[in-house]
Amino acid sequence: MQISKKNIEEKQEQIYDVIVIGGGAGGFSAGIYLQRYRLSSLIIDKGKARSFWIQELHNYLGLPPDTPGRVLLQKGKEHFLTLNGDFLNGFVEEVIDEGESFAVRVKFGRKNSIYPVFRTKYLIAASGIIDKLPMLDDMQNVYEYAGFNLHVCMICDGYEMIDKKCGLFVGSEGNLPLVESLSWFTPKITVFTHGAFAVSEEMRLRLKSLGYQLVETPIKRFLGKKNQMTGVELQDGVIVELETGLIAMGSHYHNTYLQEIPLEMQGNNLVTDKMGRTSHPRIFAIGDLKVGLNQVIVAAGDGALAATEIWREIRRNTGAKPWLENRSA
C-alpha cells in the first residue's frame with residue numbers, strides 16, 4: 001500500500017516485522033522477499049536512489065543492456081506493492097532503539113511536513129550513497145554527461161572506457177591510486193584535481209613515470225553534445241580533449257539516522273556478517289552502506305540474504321504452526 005496522509009495514522013499503530021530504509025535495488029529486493037515470507041514490511045524512500053541515475057544497465061544479468069536504472073526501480077516498486085507491502089515517500093531523520101523494537105521518525109511531505117513515527121522489530125538500512133561530483137558554477141553542465149560517458153563506477157563501466165582518452169576526476173590524493181586499476185582498461189589517462197588539493201611530489205613522479213598527465217587548474221565546464229562529453233575547458237581557457245571520464249571524488253553516505261546507535265564501522269561503511277547483520281543483532285545493512293562491492297546486482301542479492309535471515313530468526317522464535325483441524329486430541 002502506498003502510504004499517504006489519508007492512511008498514515010493507522011499505519012503508525014502497528015509494529016512492522018521489518019522497516020527497510022531505502023528504495024533502491026537492495027531495498028526493493030529485501031521488501032519483495034519479506035512479503036513473500038509472509039512478514040509485514042514498510043519501505044521508506046527519500047527518492048532518487050543512486051541507481052536511479054544509471055542511464056543504461058550494461059551488466060545486469062537478464063536485462064537488455066539499454067535498461068535505465070529508473071526502470072528497474074519502478075518494476076521493483078510495482079512488484080513490492082502487488083505483494084501488499086507498505087511504501088512511504090519520506091526522509092528518515094532518526095532511529096531510536098527502544099529495546100524490543102525501533103522507533104523510526106520520518107519527515108513526510110515537502111510542504112507542511114509532518115513527522116510520523118513508525119515502529120519495527122527489525123531494521124534494514126538500504127539508503128545507500130551518492131557520488132560527489134565536481135562542483136562547477138553550472139552544475140547542470142555536469143548532469144548533462146554524468147551517467148552517460150562520464151562515469152562514477154569503474155567496476156560497472158571500465159569496459160566502456162577501453163583504450164579511450166579518459167579524464168580521471170579526483171577529490172583528494174587518496175583517490176589517486178585508482179589510476180593503477182583504471183589503466184587496466186585504458187592507459188590514456190589525464191588526472192584532474194580541480195584545484196581541490198596539493199599533489200605530493202612522490203605522486204607527481206609516479207604519474208609522470210606512467211605517462212599520465214596531471215591537470216591542477218580548476219575546471220570551468222565540460223564540453224560535448226547530446227550527453228556525450230568530449231573534453232573540458234579549464235578556468236584559464238585551455239581545452240583538454242577527452243573521450244570518456246571517471247569521477248572518483250568520494251561519496252556521501254546516507255546513514256546519519258543511525259548515529260545514535262553504536263555500530264561497528266570500517267571507514268564510512270557498516271561492518272556486517274555474510275547475511276548483512278551489523279553489530280546490532282536486529283539491524284541489517286545492505287548495498288553500498290556496508291563493506292563490499294558497490295553494484296546494483298550485488299545489492300539485490302544482499303536484500304535477499306538479509307530478508308531470509310530475518311525470516312529464519314522470526315520463524316525459529318515462533319515455532320512450528322500446527323494443523324489445528326488435523327491435530328491429535
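These figures come from a predicted structure and were not determined experimentally.
Two different hydrophobic clusters hold Ile96 and Val117 under the rule that ILVMFWY side chains link at heavy-atom gaps under 4.5 Å. Taking hydrophobic clusters as Ile, Leu, Val, Met, Phe, Trp and Tyr residues chained together by side-chain heavy-atom distances below 4.5 Å, Ile130 does not share a cluster with Val170.
Under 3.5 Å, the side chains of Asp17 and Tyr37 contain no donor-acceptor pair of N or O atoms. Using modelled atom types, one finds a donor on one side chain and an acceptor on the other under 3.5 Å when comparing Ser127 with Tyr257.
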Working for side chain to side chain contact (heavy atoms under 4.5 Å, CB included), residues Val296 and Ile54: CA-CA 10 Å; Val296 174; Ile54 298 175; 3.7 Å; yes

Test salt bridge (Lys or Arg N to Asp or Glu O under 4.0 Å) applied to Glu313 and Arg277, step by step: CA-CA 12 Å; Glu313 195 161 283; Arg277 194 191 303 267; 2.9 Å; yes

CA sep, side-chain torsions, deciding dist, call: Tyr16, Leu39, side chain to side chain contact (heavy atoms under 4.5 Å, CB included): CA-CA 8 Å; Tyr16 287 94; Leu39 299 176; over 6 Å; no

Full working for side chain to side chain contact (heavy atoms under 4.5 Å, CB included) between Ile219 and Leu234: CA-CA 4 Å; Ile219 298 164; Leu234 305 177; 4.2 Å; yes

His254/Phe91 under ring-ring contact (aromatic ring centres under 6.0 Å, His included): CA gap, chis, key distance, verdict: CA-CA 10 Å; His254 298 308; Phe91 179 81; 8.0 Å; no

Candidate pair Phe284 and Lys290, rule side chain to side chain contact (heavy atoms under 4.5 Å, CB included), full reasoning: CA-CA 9 Å; Phe284 288 69; Lys290 73 175 186 61; over 6 Å; no

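You'll find the side chain of Asp97 reaches within 4.5 Å of the side chain of His280, heavy atoms only. Within the 4.5 Å cutoff, the side chain of Leu123 has heavy atoms near those of the Leu258 side chain. A 4.5 Å side-chain heavy-atom check between Met229 and Thr244 finds every atom pair outside the cut-off. Using a 4.5 Å cut-off on side-chain heavy atoms (C-beta onward), Thr278 and Val271 make no contact. Under the 4.5 Å side-chain criterion, counting only non-hydrogen atoms from C-beta, Ile155 is in contact with Cys153. Side-chain contact between Leu210 and Glu180 is present, with at least one heavy-atom pair separated by less than 4.5 Å. Looking only at side-chain heavy atoms (C-beta outward), Leu63 and Leu72 come within less than 4.5 Å of each other. Taking the side chain as every heavy atom from C-beta outward, Ile286 and Ile124 approach each other to under 4.5 Å.
Salt bridge status for Lys107 with Glu94: absent, with no side-chain N to carboxylate O gap under 4.0 Å. Salt bridge annotation for Lys188-Asp163: absent, with no cationic side-chain nitrogen under 4.0 angstrom from a carboxylate oxygen. For Arg221 and Asp138, the salt-bridge test fails: no basic side-chain N is under 4.0 Å from an acidic carboxylate O. Between Glu100 and Lys121, none of the side-chain N atoms (NZ, or NE/NH1/NH2) sits under 4.0 Å from a carboxylate O, so this pair counts as no salt bridge.
Minimum heavy-atom separation, Gly24 to Ala49: CA-CB, 3.9 Å. In this structure, Ile247 and Pro134 approach most closely via the heavy-atom pair CD1-CD, 3.7 Å. When every heavy atom of Phe222 is checked against every heavy atom of Asn141, the shortest pair comes out as N-OD1, 2.6 Å. Ala126 and Leu289 get closest at one heavy-atom pair: N-CD1, 4.4 Å.
Leu205 CG: more than 12 foreign heavy atoms inside a 6.0 Å radius. Applying the 6.0 Å contact sphere to NZ of Lys165 captures no more than 12 heavy atoms from other residues, nucleotides or ligands. Within a 6.0 Å sphere centred on CZ of Arg204, heavy atoms belonging to other residues, nucleotides or ligands number more than 12. The environment of Tyr33 atom OH is sparse: at most 12 non-hydrogen atoms of other residues, nucleotides or ligands sit within 6.0 angstrom. Applying the 6.0 Å contact sphere to CG of Asn317 captures more than 12 heavy atoms from other residues, nucleotides or ligands. Heavy atoms of other residues, nucleotides or ligands lying less than 6.0 angstrom from CD of Gln140 number more than 12. For Arg110, the CZ atom sits in a loose shell: 12 or fewer heavy atoms of surrounding residues, nucleotides or ligands are nearer than 6.0 Å. More than 12 non-hydrogen atoms from other residues, nucleotides or ligands lie less than 6.0 angstrom from CD of Gln12.
Each of Lys77, Gln74, His79 was evaluated against Phe28; a single residue qualifies, Lys77, per the side-chain contact (heavy atoms from CB on, under 4.5 Å) test.
Listed by first and then second residue, the ring pair (Phe, Tyr, Trp, His ring centres under 6.0 Å) pairs that reach into residues 114-160 come to none, sequence neighbours excluded. Residue pairs satisfying the ring pair (Phe, Tyr, Trp, His ring centres under 6.0 Å) criterion with at least one member in residues 189-219, sequence neighbours excluded, are listed as follows: Phe169-Phe192.
Here the CD atom belonging to Glu243 is positioned 9.5 Å from the CG atom belonging to Asn149, to the nearest 0.5 angstrom. To the nearest 0.5 Å, the span separating CG on Leu305 from CE on Met275 amounts to 4.5 Å. One finds the CD1 atom of Ile114 at 8.0 Å from the CD atom of Glu9 (value rounded to the nearest 0.5 Å). For the atom pair Leu83 CG and Ile32 CD1, the distance stands at 6.5 Å (nearest 0.5 Å).
Partners of Glu93 according to the salt bridge (Lys or Arg N to Asp or Glu O under 4.0 Å) rule, which considers only residues two or more places apart in sequence or in another chain, are Arg105. In this structure, Thr120 has no side-chain hydrogen bond (donor to acceptor under 3.5 Å, both in side chains) partners at least two apart in sequence or on a different chain. Gln295 meets the side-chain hydrogen bond (donor to acceptor under 3.5 Å, both in side chains) test with no other residue; sequence neighbours excluded. Residues satisfying the side chain to side chain contact (heavy atoms under 4.5 Å, CB included) test with Pro68, not counting sequence neighbours, are Arg70, Val71.
Both tests do not hold together for Arg119 against Phe102: distance to the six-membered ring centre under 6.0 Å, angle to the ring axis within 45°.
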